[in-house]
Amino acid sequence: MGDERYDFVVASNRLPVDRVVDDTGASSWRPSPGGLVTALEPIMREADGAWVGWVGQPDLELEPFDWDGIRIVPLKLTEHDLENYYEGFANDTLWPLYHDVIAPPSYHRVWWDSYVSVNQRFANAIAAVSAPDATVWVQDYQLQLVPRMLRQARPDLTIGFFNHIPFPAYGIFSQLPWRAQIIEGLLGADVIGFQRVADAGNFSRAVRRLLGYATKSPVIEVPSHGRAPARRVIAKPFPISIDVDTFERLARSPEVQARAAQIRHDLGDPKTIMLGVDRLDYTKGIGHRLKAYGELLHEGRLKVEDVTLVQVASPSRERVETYRQLRDEIEQTVGRINGDYGTISHQAVSYLHHGFPREEMAALYLAADVMLVTALRDGMNLVAKEYVAARFDDDGVLVLSEFTGASDELRTALLINPHDIEGVKDAIMRAIEMPRAERVKRMRAMRKRVRENDVNRWSEGFLRTLAEARRRSGERSSD
Ligand code: GDG
């Protein structure tokens with residue numbers, strides 16, 4: 001395999017490609033869908049880039065390889081790592097804690113030990129493939145210790161970190177038994193990016209409270225420590241987005257438009273199609289949405305002949321107990337609503353517990369008169385932005401939780417507090433009854449915003465800030 005070094009290295013828990021094995025046992029690689037890959041692909045090619053991450057299967061050891069001009073550096077995770085670092089610490093400690101303890105986080109020392117060990121292996125793998133003075137961009141909450149570990153091994157590197165999920169208020173974050181280690185881990189980066197202004201503020205506050213460092217937004221002054229010189233770290237929001245052009249092109253294709261019409265027909269040509277698209281996750285507020293809809297049917301404000309709800313709930317983290325319970329709860333609620341209000345010809349909820357190709361997602365967005373995003377807490381919520389990008393006809397109403405990052409930008413959505421069930425019900429009724437002129441006005445304003453801030457602007461903005469941070473630190477060290 002040699003000892004190639006790269007000038008730009010991205011690291012994320014999962015690689016941007018999935019390994020698929022066919023019937024004959026032959027394996028190949030398929031890009032995993034997602035904005036991150038789309039945004040970084042051109043930059044990776046131009047900058048001679050490598051991507052370090054896990055292949056998605058336990059105990060699989062693979063040599064680095066080239067995929068479409070990107071060097072893929074697979075990192076092996078064992079079954080033990082998956083149980084402790086990934087399903088345990090990342091998804092059953094950090095995920096619920098960072099989403100405002102909607103579900104109770106579990107704290108286990110063996111999980112933490114595994115998190116430290118996997119983060120160290122990531123840092124070692126990144127250090128081994130990074131050229132002198134390379135730029136490294138570490139992604140998300142699974143790898144928060146990597147920046148510091150990497151800086152210790154390779155002080156020549158410029159290190160960025162982006163947190164895709166919220167960063168909680170100090171009163172919540174301070175529950176974490178390893179809170180200081182996490183903050184110190186992140187402060188190894190030159191630039192730490194967050195989704196919202198509030199997340200960056202929460203992080204800076206945690207730094208002041210736990211370490212006593214001076215902060216003046218967006219700068220955090222890290223004092224010298226032993227042989228490590230004093231440094232300036234930037235912590236600020238970079239709201240992530242989607243590849244708007246590609247998404248709109250998909251929605252405009254005749255096949256997708258025909259499929260949207262077919263979906264409407266197959267659903268019995270209702271007056272209103274409502275849509276929810278979420279990973280089956282307790283942060284997404286699927287239960288709250290169903291409750292509001294069920295009550296509207298119960299009260300006779302909605303009739304099952306006129307309206308239907310399509311709920312895509314893509315399978316997620318199925319080995320974590322909280323997620324198994326959630327699935328049972330949601331499916332019981334769906335069954336009740338359909339049993340109580342469905343007729344032979346009209347179903348109240350079409351519930352789909354599986355993933356779909358992007359074309360089908362685009363067709364669903366086009367077919368949906370009302371899009372329901374009722375997350376209780378969400379870093380950004382790309383589904384809201386995808387819905388807006390797909391609506392080249394300027395029609396459709398987005399009902400959007402104010403607890404999503406997207407609500408900072410999509411101000412002409414019908415903004416809701418998902419905990420306020422009466423408020424959600426009123427917003428659903430308003431969405432269904434909204435005159436076309438108002439729908440168009442609101443949608444146009446959102447489309448303008450999403451177009452202005454697409455995923456390329458996100459990655460360029462982050463990498464520009466990282467390059468500036470590097471220049472400034474170079475100037476300081478040559479003073
Ligand atoms: C995290 C943060 C932040 C879903 N089902 C299918 C499918 N999807 C796609 C959607 C969308 C993506 O998955 C989900 O992104 P979200 O942003 O809505 O939510 P998370 O998965 O929780 O993502 C979030 C994001 O990271 C980025 O920083 O916005 O706040 O939690 O793109 O379309 N795609 C296909 N089939 C499905 O069945 N093809």
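Every value quoted in this text rests on a predicted model; they were computed, and no experiment measured them. Ligands are counted one by one from 1 in listed order, and the atoms in each one are counted from 1 as well. The residues of the chain are indexed from 1 along the displayed sequence.
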Novice: Shortest non-hydrogen contact from L176 to L94?
Specialist: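 Minimum heavy-atom separation between L176 and L94: CD2-CD2, 4.3 Å.
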
Novice: Applying ring-ring contact (aromatic ring centres under 6.0 Å, His included), which residue pairs with at least one partner in residues 359-412 are found, sequence neighbours left out?
Specialist: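 Residue pairs with at least one partner in residues 359-412: F247-Y365, F403-H419.
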
Novice: State the atoms of ligand 1, each with its element, that fall below the 4.0 Å cut-off from a heavy-atom position in V383.
Specialist: 10 (C), 18 (O)

Novice: K284 to ligand 1: N or O pair under 3.5 Å?
Specialist: yes

Novice: Give the contacting part of W95 toward ligand 1: side chain, backbone, both or neither, where contact means a heavy-atom distance below 4.0 Å.
Specialist: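 Side chain only.
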
Novice: From the options E360, K385, Q195, select the one whose nearest heavy atom is closest to atom 3 (C) of ligand 1.
Specialist: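 It is Q195 whose heavy atom sits nearest to atom 3 (C) of ligand 1.
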
Novice: Would one find an N or O of G355, backbone or side chain, under 3.5 Å from an N or O of ligand 1?
Specialist: no

Novice: Could you list which atoms of ligand 1 come closer than 4.0 Å to a heavy atom of G379?
Specialist: 30 (O)

Novice: E409 pairs by salt bridge (charged side-chain N to carboxylate O under 4.0 Å, His left out) with which of K448, R196, R449?
Specialist: R449

Novice: Give the atoms of ligand 1, by number and element, whose distance to some non-hydrogen atom of R279 is under 4.0 Å.
Specialist: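 Close to R279: 20 (P), 21 (O), 22 (O).
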
Novice: Nearest non-hydrogen contact with atom 24 (C) of ligand 1 belongs to which option: D243, I240, D378?
Specialist: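 Minimum heavy-atom distance to atom 24 (C) of ligand 1 goes to D378.
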
Novice: Kindly give the heavy-atom pair with the smallest separation between D394 and M443, and that separation in Å.
Specialist: O-CB, 3.4 Å

Novice: If I compare all heavy atoms of A103 with all of T322, which pair ends up nearest, and what's the gap?
Specialist: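 Heavy-atom minimum between the residues: CB-CG2, 4.0 Å.
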
Novice: Classify the angle between the aromatic ring planes of Y282 and Y323 as parallel (below 30°), tilted (30 to 60°) or perpendicular (above 60°).
Specialist: tilted

Novice: Suppose the criterion is ring-ring contact (aromatic ring centres under 6.0 Å, His included): which pairs have a residue in residues 248-268, not counting sequence neighbours?
Specialist: none

Novice: Please list, in number order, the atoms of ligand 1 under 4.0 Å from a heavy atom of E386.
Specialist: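 Atoms satisfying the 4.0 Å criterion: 10 (C), 11 (C), 32 (O), 33 (O).
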
Novice: Give a yes or no on whether the ring-centroid distance for W178 and Y115 is below 6.0 angstrom.
Specialist: no

Novice: Under 3.5 Å, N or O to N or O, is V277 touching ligand 1 that way?
Specialist: no

Novice: Could an N or O of ligand 1 be found under 3.5 Å from any N or O of L382, whether backbone or side chain?
Specialist: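 Yes: some nitrogen or oxygen of L382 is under 3.5 Å from one in ligand 1.
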
